[in-house]
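Written below as structure tokens is the structure these notes are about.
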Amino acid sequence: MMDVIIQFANSLFKPLVDLGAAPLMFILLSLLAMLMRVKPSSAIEGGLKLAIALTGIGAVIDILTGNFAPALKDFVKSTGIELSVTDVGWAPLATITWGSAYTLFFLFILVLINIVMLIWNKTNTLDVDIFNFWHLSIIGLLVMHYSDNLLLATLLVIMLGVMKFINSDLMKPTFNDLLDMPDTNPTTTTHLNFMLNPLIMVFDKLFDKLLPFIDKYDFDAAQLNEKIGFWGSKFAIGVYLGAFVGILGQQSVHTTFTLAFIGGVSLELFSVVGTWFISAVEPLSKGITNFLSAKMKGRQFFIGIDWPFVAARPEMWAAANVIAPIMLGIALILPGNKLLPLGGIIAIGLTPALLVVTRGKILRMIIIGSIMVPVFLWSGTAIAPFVTETAKSVGAFPAEVNQDVLISHSTLEGPVEKFLAILVGKMGESFSFEYIMMTIGALTAYILLFVWYAKQMQKRNKVYEQKREAA
């Protein structure tokens with residue numbers, strides 16, 4: 001039965017997934033808008049904007065990390081520290097994951113789960129971010145790497161998928177508040193990086209109880225830019241980071257200037273491209289509003305897309321730039337870490353969740369982010385054997401990397417979930433009493449933490465609702 005489902009899922013989704021993220025989202029968003037009776041020209045315009053935004057954000061990330069990586073490698077060589085796992089960034093891992101037939105099986109199951117939850121009114125989010133389902137697929141593939149147990153892998157993927165869909169609803173009012181989006185705009189996200197929210201919220205609540213005074217020293221990035229002009233702008237912050245990386249790596253004056261300029265333009269472009277995501281969904285937003293008012297009165301639906309629509313907030317990039325050198329320092333001294341952060345030096349698997357939970361309080365973002373860095377580095381180190389073996393088995397090992405080294409990603413989304421997958425996989429391998437109890441304990445703690453987080457978000461959302469009603 002499983003084989004039949006896997007074959008069906010591959011025949012259904014593989015032609016679409018093979019197109020890549022941008023073409024796939026162009027097709028899905030355009031078709032969805034037309035189904036909502038949006039004019040074809042407006043629907044296609046929205047789809048094109050989203051595809052261009054995805055292409056733009058990917059290109060900027062590639063430019064930034066690709067140019068910073070050689071200088072960081074030179075720095076590590078000069079220290080004499082051995083970090084044996086190569087950080088290849090997210091793109092090779094996506095290629096590796098989509099090379100497995102099971103990825104499309106997990107996608108098919110999660111699409112069904114999403115539809116059932118919508119029908120039963122357990123979520124208001126329709127997840128169209130199909131390409132990024134690979135993040136959850138890695139969880140399932142990790143379980144199978146250790147146990148070859150597809151049932152256990154599927155159950156864990158379903159559990160996390162359900163929680164992701166619920167989380168997208170919980171975050172929607174925060175997105176509206178952070179980005180000044182009207183209530184009628186359906187934009188939200190189911191991206192796995194936001195499943196770090198519950199753990200971040202624990203630290204955020206500790207700040208509320210133990211260190212509330214720290215907020216007196218916080219600052220608004222946008223207001224700072226207005227007060228001190230260019231020297232506090234995204235351009236300047238990027239220049240500072242680029243120059244720091246160049247000096248750290250003992251690069252030539254010419255290269256250091258080049259890195260500084262690349263950092264400056266990259267941070268400004270991140271902010272600009274981030275605004276494109278919201279405008280891309282506007283035609284679909286109007287269509288959904290009209291459709292629901294006619295068909296399902298009182299029910300509000302959201303559309304789950306990729307995370308970069310929050311990239312317009314300058315706090316995200318200000319925190320990312322400060323965390324980057326901190327991450328590098330931690331990587332050099334962290335016990336158990338074998339991974340040099342290169343492809344993940346700009347921590348986009350962490351900073352969006354920091355933004356949502358702290359509501360843009362930069363000092364909290366930087367401090368909590370620094371505390372979370374080891375979790376990512378340990379996770380990246382732990383999955384390196386799996387990533388390397390899988391890459392070679394599907395013929396997707398990066399050609400530019402030495403075939404004898406292990407590969408991974410330093411800030412890959414879902415670090416806690418990776419540890420859960422390893423634990424479940426090892427339980428499925430032996431079903432020993434020790435691993436059964438450890439797995440039950442870990443999953444129980446994970447679910448209870450999410451339930452607590454959900455209640456905190458619901459309280460916050462009531463405050464947002466009251467504030468909008470007062471306005």
Side-chain angles (χ1 to χ4, degrees), residues 13 16-17 21 24-25 28-29 32 50 53-54 57 90 94 97-98 103-104 106-140 154 156-176 178-179 181 185-200 274 277-278 280-281 284-285 288 300-311 348-357 412-418 420 446-447 450 453-454 457 461:
F13 292 115
L16 283 173
V17 172
L24 175 61
M25 294 309 297
L28 288 177
L29 196 72
L32 189 58
L50 184 60
L54 281 168
I57 210 83
W90 69 268
T97 308
W98 282 115
T103 293
L104 293 170
F106 294 135
L107 169 59
F108 177 70
I109 295 298
L110 287 171
V111 168
L112 290 180
I113 294 295
N114 189 200
I115 292 171
V116 169
M117 289 181 69
L118 282 165
I119 293 172
W120 288 356
N121 200 16
K122 300 302 180 183
T123 184
N124 292 320
T125 299
L126 173 63
D127 189 5
V128 300
D129 188 19
I130 287 179
F131 185 81
N132 278 317
F133 273 73
W134 70 270
H135 289 292
L136 264 186
S137 176
I138 281 187
I139 305 301
T154 303
L156 182 59
V157 167
I158 289 173
M159 183 194 89
L160 295 174
V162 169
M163 295 168 82
K164 277 205 323 162
F165 299 140
I166 294 171
N167 191 35
S168 65
D169 291 350
L170 293 171
M171 294 187 294
K172 176 56 179 161
T174 301
F175 291 138
N176 289 352
L178 286 172
L179 301 167
M181 290 193 296
N185 189 301
T187 306
T188 187
T189 181
T190 61
H191 206 285
L192 190 62
N193 56 19
F194 295 100
M195 287 304 292
L196 202 60
N197 288 7
L199 191 55
I200 293 173
F277 284 86
I278 297 173
V281 185
L284 179 59
S285 171
I288 288 177
Q300 185 179 15
F301 283 88
F302 309 135
I303 301 298
I305 63 172
D306 206 350
W307 69 264
F309 67 91
V310 301
I348 57 174
L350 170 61
T351 48
L354 291 169
L355 176 71
V356 167
V357 176
L412 184 64
E413 291 83 347
V416 175
E417 291 73 21
K418 304 293 188 302
L420 283 178
Y446 185 86
I447 292 170
F450 183 83
Y453 155 79
M457 290 294 284
N461 292 342

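Scope of the values below: all heavy atoms of this structure, side chains included, with no hydrogens, waters or symmetry mates.
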Among all residues two or more places apart in sequence or in another chain, which pass the side chain to side chain contact (heavy atoms under 4.5 Å, CB included) test with Leu126? Leu32, Asn114, Leu118, Val128, Ile303
Distance-only, no hydrogens or angles: does the Lys418 side chain make a donor-acceptor pair with backbone N or O of Ile138 under 3.5 Å? no
Would you check if Asn167 and Leu170 make a side-chain contact, meaning some heavy-atom pair closer than 4.5 Å? yes
dist Leu192:CG -> Trp307:CH2 (nearest 0.5 Å) comes out at 14.0 Å
Would Met171 and Val357 satisfy side-chain contact (heavy atoms from CB on, under 4.5 Å), going step by step from the backbone distance to the final call? CA-CA 9 Å; Met171 294 187 294; Val357 176; over 6 Å; no
Residue pair Thr103 / Ser137: nearest heavy atoms and the distance that separates them: OG1-OG, 2.6 Å
Reported CE-to-CG distance for the pair Met117 and Asn124, which is rounded to 0.5 angstrom: 10.0 Å
Can you name the nearest heavy-atom pair linking Asn193 to Pro352, along with the distance? ND2-CG, 3.9 Å
Tell me the closest heavy-atom pair linking Thr123 and Phe165, and the distance in Å. OG1-O, 3.2 Å
At their closest point, which heavy atom of Ser168 faces which heavy atom of Thr125, and how far apart are they? OG-OG1, 2.8 Å
Mind checking ring-ring contact (aromatic ring centres under 6.0 Å, His included) for Phe194 and listing every partner two or more places apart, or none if nothing turns up? Phe175
Non-neighbouring partners of Leu178 that pass side chain to side chain contact (heavy atoms under 4.5 Å, CB included), sequence neighbours left out: Thr174, Arg313, Leu355
Mind checking whether Pro415 and Leu196 have side chains closer than 4.5 Å, heavy atoms only? yes
pair Leu199-Val416: side-chain heavy atoms closer than 4.5 Å: yes
Could you grab the distance from atom CD1 of Ile200 to atom CG of Leu350, nearest 0.5 Å is fine? 5.5 Å
Is there a side-chain contact between Lys122 and Ile166, using heavy atoms and a 4.5 Å cut-off? no
Ile139 vs Leu160, side-chain contact (heavy atoms from CB on, under 4.5 Å): CA-CA, chis, key distance, verdict: CA-CA 9 Å; Ile139 305 301; Leu160 295 174; 3.8 Å; yes
Using the side chain to side chain contact (heavy atoms under 4.5 Å, CB included) criterion, which residues pair with Ile447? Sequence neighbours excluded. Met159, Val451
Do Asn197 side-chain atoms and Tyr453 backbone N/O form a donor-acceptor pair below 3.5 Å? no
My understanding is that only residues two or more places apart in sequence, or in another chain, count here; which of them pass side chain to side chain contact (heavy atoms under 4.5 Å, CB included) with Leu110? Phe133, Leu136, Val157
Given 3.5 Å as the limit, does a donor-acceptor pair link the side chain of Lys164 with the main chain of Met195, or not? no
Walk me through it: do His135 and Leu412 pass the test side-chain contact (heavy atoms from CB on, under 4.5 Å)? CA-CA 9 Å; His135 289 292; Leu412 184 64; 4.2 Å; yes
How many angstroms lie between CZ in Phe302 and NZ in Lys172, if you round to the nearest 0.5 Å? 6.5 Å
Would you give the length of the straight line joining atom CH2 of Trp120 to atom CD1 of Ile115, rounded to the nearest 0.5 angstrom? 13.0 Å
Under the side chain to side chain donor-acceptor pair (under 3.5 Å) test, which residues partner Thr188, sequence neighbours left out? none
Any side-chain heavy-atom pair from Thr154 and Phe106 closer than 4.5 angstrom? yes
Begin with the C-alpha distance, continue with both residues' side-chain angles, and end with the deciding distance and a verdict on side-chain contact (heavy atoms from CB on, under 4.5 Å) for Asn132 and Thr189. CA-CA 11 Å; Asn132 278 317; Thr189 181; over 6 Å; no
